[in-house]
Amino acid sequence: MAINIIVSGKSILETDAEAVYVGFFQTDEKDLKELKEFAKNVSKCIPSQVIAKVKELIAAKKFEGKKKQIYPVYLSDKKLVVAVGLGKKEEYNSYVFRQVVSCVSKNARDRKVKSYAFFLDNNWVRMNFEATAQAFGESTLLSLYKFDKLKTKDKNGNGSGNGILQTAELLIEDKKNIDPGKKAILVAQQIAECINHARDLINLPPNIATPKYIANEAKELVKKYKLKFTVLGRKEIEKNNLNLIKAVSSGSNEEAQFVILEYNGSNKAPICLVGKGITYDSGGLNLKPYVGSSASMRNMKSDMAGAASMIAVIEIAARLRLSAHIIALMPLCENMPDGKSYRCDDVIKAYNGINVEITNTDAEGRLVLADALAYAQKYKPACLIDAATLTGAASVAVGYMGACVMGSKEIVEKLKFASKDTDERIWELPLWEEYAELLDSKIGDLKNSNESSGPGTIMGGIFLKNFVEKTPWAHIDIAATATTEKDVHYTESGATGFGIRLLVEFVKKYR
Ligand code: BES
Ligand code: MG
Ligand code: ZN
């Protein structure tokens, strides 16, 4: 059951919620000035006992308002007031806000309350109000997501994974913000639902989320919204000379599917989005090894996160009726070892005619993307963006807090701009042309991986650049951010949905 979010102008005393969370900036014993000022501002909304208790806790060094610090301040038998740290005032921003909201929602779930409220003080609204309310909705719904579709028991009671929690209430101090707040929450709900659906697809095991299963999920959207759906199966892939997609899928019993999903909300030239859709990456004949205690094949069901993200972007655009023309292209297949598999040393002619010499069957993502990017040109796109779990090296370059991005300056800059609003970090890597020679092939045009050591993530980008011609293009490597085992990107483990909001924001702002 999904969590219901309501917006109200009630005060902390008036709300019916079982627990109320109130944020405080970091402060210390010597500097209660901040808190006093805060108390003065909110005296109508926050009971003086709460402020007094917080002062006491600060003096006793139990609660200092450190970012994400949570401390209960009991008020009565019926209601629980919880102090939440917002961190240092000068460091506070929308990303801190999202993280705090995430913490609060999980805390409320773990406290086993049916309802909780979050008091939004005007002082914390550093962005515009709508953006703040939307961030509250997104962060709450993304944080309370749990993948329990495959659990036959132990579903925490009601199958929602959220225990008994049903309602989150946003208490708004300034009454004129209530209506804009309600609207923003509706938008957040649409966005979060689509992202959480994408997370389901990524979390589903590869024996269920096959290429045909994902293609069918995309097709289902056509029943709900006005979209155009095309799927090329094995025969059409062959007929269209999408030979790299064919090669990667050749070792698998699952038929490859090349899905093209179009949302036509404007008559401008389309934004083409290409998502890597490897439903399982075993490495192929270059089978992924088990090294030490680490099974590198583990979790390779999520190698279709790029494709799942693009489906979500299209669904969000359709639900929000964005004025945009978007075509998502998703090459979906498995990379498996077999007697029919493509091999190292094979030379395969790509859709655009380039002869690619295979030097590593585990560098399969760039192969399917190459054909899809080249194919996308036929739509004469205004720009081209791909998102892919492409290289393990992305986590070496920047770790798991953000994705690597590279490509045309104008698109990369626009992505950076969008990323500020969605608080999904991206970091630009250079496509230095000197590295291009690392992919020179002796017998064909281009190798799919450099055999000597080199910059792993950049090499992925450099390979792809050969297939985009003049179209402004950017490549986002989400290998390190698409899934997590740590508590980041609003989840403790599994698919994060990272990049979907970023792309939606990009599309919204694109001119
Ligand atoms: N799907 C992997 C990349 C990956 C690794 C995603 C870890 C998520 C977590 C990709 O197909 C791959 O195998 N890349 C190789 C490229 C290499 C062979 C050039 C890699 O990163 O080792
Ligand atoms: Mg691979
Ligand atoms: Zn892969």
Side-chain angles (χ1 to χ4, degrees), residues 1-4 102 105-106 109-110 112 140-166 189 191-221 223-224 252-257 259 275-283 288 290 294-312 315 330 332-336 389 400 478-500:
M1 201 172 60
I3 301 295
N4 187 28
S102 173
S105 62
K106 287 175 191 164
R109 176 191 64 203
D110 298 344
K112 300 195 173 19
T140 301
L141 295 170
L142 294 177
S143 302
L144 293 174
Y145 168 86
K146 269 217 170 123
F147 183 72
D148 56 8
K149 282 200 152 35
L150 302 178
K151 290 208 176 288
T152 55
K153 44 184 183 282
D154 190 23
K155 285 198 176 201
N156 263 330
N158 63 2
S160 75
N162 285 320
I164 58 167
L165 185 60
Q166 286 172 1
Q189 275 163 338
I191 293 175
E193 253 180 56
C194 298
I195 294 179
N196 286 343
H197 182 64
R199 291 164 84 182
D200 280 347
L201 293 182
I202 300 166
N203 283 328
L204 276 171
N207 59 323
I208 295 176
T210 59
K212 280 205 169 126
Y213 184 97
I214 310 279
N216 199 49
E217 287 282 320
K219 196 174 168 190
E220 286 294 306
L221 295 183
K223 291 185 192 151
K224 294 195 211 152
S252 166
N253 288 332
E254 300 292 338
E255 185 179 339
Q257 306 277 288
V259 170
K276 174 176 175 182
I278 300 296
T279 59
Y280 199 68
D281 182 12
S282 69
K288 287 188 181 288
Y290 194 98
S294 140
S296 54
M297 206 185 292
R298 192 81 167 94
N299 206 30
M300 279 303 141
K301 64 176 182 181
S302 63
D303 214 15
M304 35 57 78
S309 302
M310 297 322 183
I311 294 178
E315 184 170 8
M330 294 155 289
L332 299 156
C333 69
E334 279 186 337
N335 185 23
M336 300 293 271
T389 45
Y400 50 81
I478 54 170
T481 50
T483 62
T484 182
E485 284 308 323
K486 294 189 173 67
D487 190 359
V488 283
H489 310 306
Y490 318 104
T491 186
E492 284 110 349
S493 77
T496 62
F498 181 98
I500 299 171

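The figures here come from the full heavy-atom set of this structure, side chains too, leaving out hydrogens, waters and symmetry mates.
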Provide the full list of salt bridge (Lys or Arg N to Asp or Glu O under 4.0 Å) pairs with a residue in residues 191-203, sequence neighbours left out, each pair given once. Lys149-Asp200, Glu193-Arg319

Residues in salt bridge (Lys or Arg N to Asp or Glu O under 4.0 Å) with Lys223, at least two apart? Glu220

Closest approach of Ser105 to Ser143 (non-hydrogen atoms, all atoms of both residues): OG-CB, 3.4 Å

Minimal non-hydrogen separation, Ala308 against Ala198, with atom names: O-CB, 3.7 Å

Could you pull out all residues at least two apart from Lys288 that satisfy salt bridge (Lys or Arg N to Asp or Glu O under 4.0 Å)? Asp281, Asp362

For Ser302, all residues meeting side chain to side chain contact (heavy atoms under 4.5 Å, CB included), sequence neighbours excluded: Ile202, Asn299, Thr483

Exercise: identify the closest heavy-atom pair between Met304 and Thr279: CG-CA, 3.8 Å

Work out which heavy atom in Leu204 is nearest to a heavy atom in Ala209; give both atom names and the distance. CB-CB, 3.9 Å

Sidechain N-carboxylate O distance under 4.0 Å for Arg109, Glu492: yes

Test log, rule side chain to side chain contact (heavy atoms under 4.5 Å, CB included), inputs Tyr280 and Asn335: CA-CA 6 Å; Tyr280 199 68; Asn335 185 23; over 6 Å; no

Contacts of Asp487 meeting salt bridge (Lys or Arg N to Asp or Glu O under 4.0 Å) (sequence neighbours excluded), chain-then-number -> Lys106

The criterion is side chain to side chain contact (heavy atoms under 4.5 Å, CB included); which residues satisfy it with Thr210, sequence neighbours excluded? Lys212, Tyr213, Glu254

Test side chain to side chain contact (heavy atoms under 4.5 Å, CB included) on Thr496 and Ile195 and set out the steps. CA-CA 9 Å; Thr496 62; Ile195 294 179; over 6 Å; no

Heavy atoms only: give me the nearest Ala307-Gly277 pair and the separation to one decimal. CB-CA, 3.7 Å

List the residues meeting side chain to side chain contact (heavy atoms under 4.5 Å, CB included) with Ser493, not counting sequence neighbours, and say none if there are none. Glu485

Heavy-atom closest contact (Asn203 atom, Lys301 atom, distance): O-NZ, 2.6 Å

Side chain to side chain contact (heavy atoms under 4.5 Å, CB included) with Thr481: which residues, sequence neighbours excluded? Ala403, Ile478, His489, Phe498

Any heavy-atom pair between the side chains of Leu141 and Gln189 that's under 4.5 Å? yes

Please name all residues satisfying side chain to side chain donor-acceptor pair (under 3.5 Å) with Glu334, sequence neighbours left out, ordered by chain then number. Ser252

Using the side chain to side chain donor-acceptor pair (under 3.5 Å) criterion, which residues pair with Thr389? Sequence neighbours excluded. Asp303

